[in-house]
J.: 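I have a structure I would like to understand better, so I am pasting it below and will then ask my questions one at a time.
None of the values given here were measured: they were computed from a predicted structure. The chain is numbered in sequence order, starting from 1.
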Amino acid sequence: MSNKRNRYKVTNENFEVFIRKVAHGWIRAHSYNNECFSYSEVSRAKSLQYFLNEVVERVEKLGYCAVATVHPVFESYDMYVRNPRPNLKQKVDENLLLDFSDLQQAFDYCEFAFKDRNLK
């Protein structure tokens with residue numbers, strides 16, 4: 001498997017940093033001026049909302065509670081995940097493997113937003 005495709009994989013080792021990147025991407029995409037905006041800004045915001053929803057859904061499909069795993073990171077950004085699922089795993093473990101190679105553009109935007117935040 002190519003190294004490029006591996007960069008879209010999320011494991012327990014990079015999960016928290018990945019969730020931080022998603023938060024930064026979502027915040028940046030939704031930070032456009034509501035009185036003067038372009039279609040591309042609205043489109044990007046919708047795309048990142050879809051990506052955020054996909055992250056939560058995929059985490060839960062793997063058997064992890066999104067409130068217990070994603071929410072603690074999101075909370076520091078005033079973002080929230082609702083509907084706790086106590087019947088699912090409460091912590092990520094070595095079995096976690098998420099693949100976002102089908103959503104590369106959103107993944108890359110989140111990485112860009114996270115890196116750009118670190119430059120300021």
J.: Is it true that atom OH of Tyr80 has more than 12 heavy atoms of other residues, nucleotides or ligands lying nearer than 6.0 Å?
T.: yes

J.: Counting C-beta onward and ignoring hydrogens, is there a side-chain heavy-atom pair between Phe107 and Lys21 closer than 4.5 Å?
T.: no

J.: Any donor and acceptor pair, going by atom type alone, linking the side chain of Arg58 with main-chain N or O of Asp99 inside 3.5 Å?
T.: yes

J.: Which heavy-atom pair separates Ala45 from Ala29 by the least distance, and what is that distance?
T.: CB-O, 3.5 Å

J.: Using modelled atom types and a 3.5 Å cut-off, is there a donor and acceptor pairing between side-chain atoms of Gln90 and backbone atoms of Leu88?
T.: yes

J.: Any sub-3.5 Å donor-acceptor pair from Asn14's side-chain atoms to Arg7's backbone N or O?
T.: no

J.: Measuring from Gln105:CD to Cys110:SG, what's the distance to the nearest 0.5 Å?
T.: 11.0 Å

J.: Glu60 side chain to Glu57 main-chain N or O, any donor-acceptor pair under 3.5 Å?
T.: no

J.: Just checking, any donor-acceptor pair under 3.5 angstrom between side chains of Tyr64 and Asp93?
T.: yes

J.: Determine the interplanar angle of the Phe114 and His24 rings, folded into 0 to 90°, and report it as parallel if under 30°, tilted if 30 to 60°, perpendicular if over 60°.
T.: perpendicular

J.: Sub-3.5 Å donor-acceptor pair from the side chain of Ser47 to the main-chain atoms of Ser43, do we have one?
T.: no

J.: If you take all heavy atoms of Arg82 and Val67, which pair is closest and at what distance?
T.: O-CG2, 3.5 Å

J.: Hey, do the aromatic rings of Phe51 and Tyr109 have their centres closer than 6.0 Å?
T.: no

J.: Verify side chain to side chain contact (heavy atoms under 4.5 Å, CB included) between Val55 and Ile19, making sure each step is shown before the conclusion.
T.: CA-CA 9 Å; Val55 168; Ile19 296 302; 3.9 Å; yes

J.: Mind checking whether Pro72 and Glu16 have side chains closer than 4.5 Å, heavy atoms only?
T.: no

J.: Kindly indicate, with the supporting measurements, whether the criterion side chain to side chain contact (heavy atoms under 4.5 Å, CB included) is fulfilled by Phe18 and Phe100.
T.: CA-CA 11 Å; Phe18 167 72; Phe100 290 101; 3.5 Å; yes

J.: In the structure I gave you, are the side-chain heavy atoms of Val22 and Phe74 within less than 4.5 Å of one another anywhere?
T.: yes

J.: Asn53: what forms a side-chain hydrogen bond (donor to acceptor under 3.5 Å, both in side chains) with it, not counting sequence neighbours?
T.: Gln49

J.: Give, for atom OG1 of Thr11 and atom CG of Asn6, the distance between the pair rounded to the nearest 0.5 Å.
T.: 10.5 Å

J.: Closest approach of Leu103 and Tyr50, non-hydrogen atoms and distance?
T.: CD2-CE2, 3.9 Å

J.: Side-chain contact test, heavy atoms from C-beta onward, threshold under 4.5 Å: evaluate it for Leu97 versus Lys9 and give yes or no.
T.: yes

J.: Looking at CZ of Arg44 and OG of Ser31, how far apart are the two atoms once the value is rounded to the nearest 0.5 Å?
T.: 12.5 Å

J.: Rounded to the nearest 0.5 Å, how far apart are NZ of Lys89 and CG of Leu96?
T.: 8.5 Å

J.: Is the shortest side-chain heavy-atom distance between Val73 and Phe15 below 4.5 Å?
T.: no

J.: What are the two closest heavy atoms between Ala66 and Val81, and how far apart are they?
T.: CB-CG1, 3.9 Å

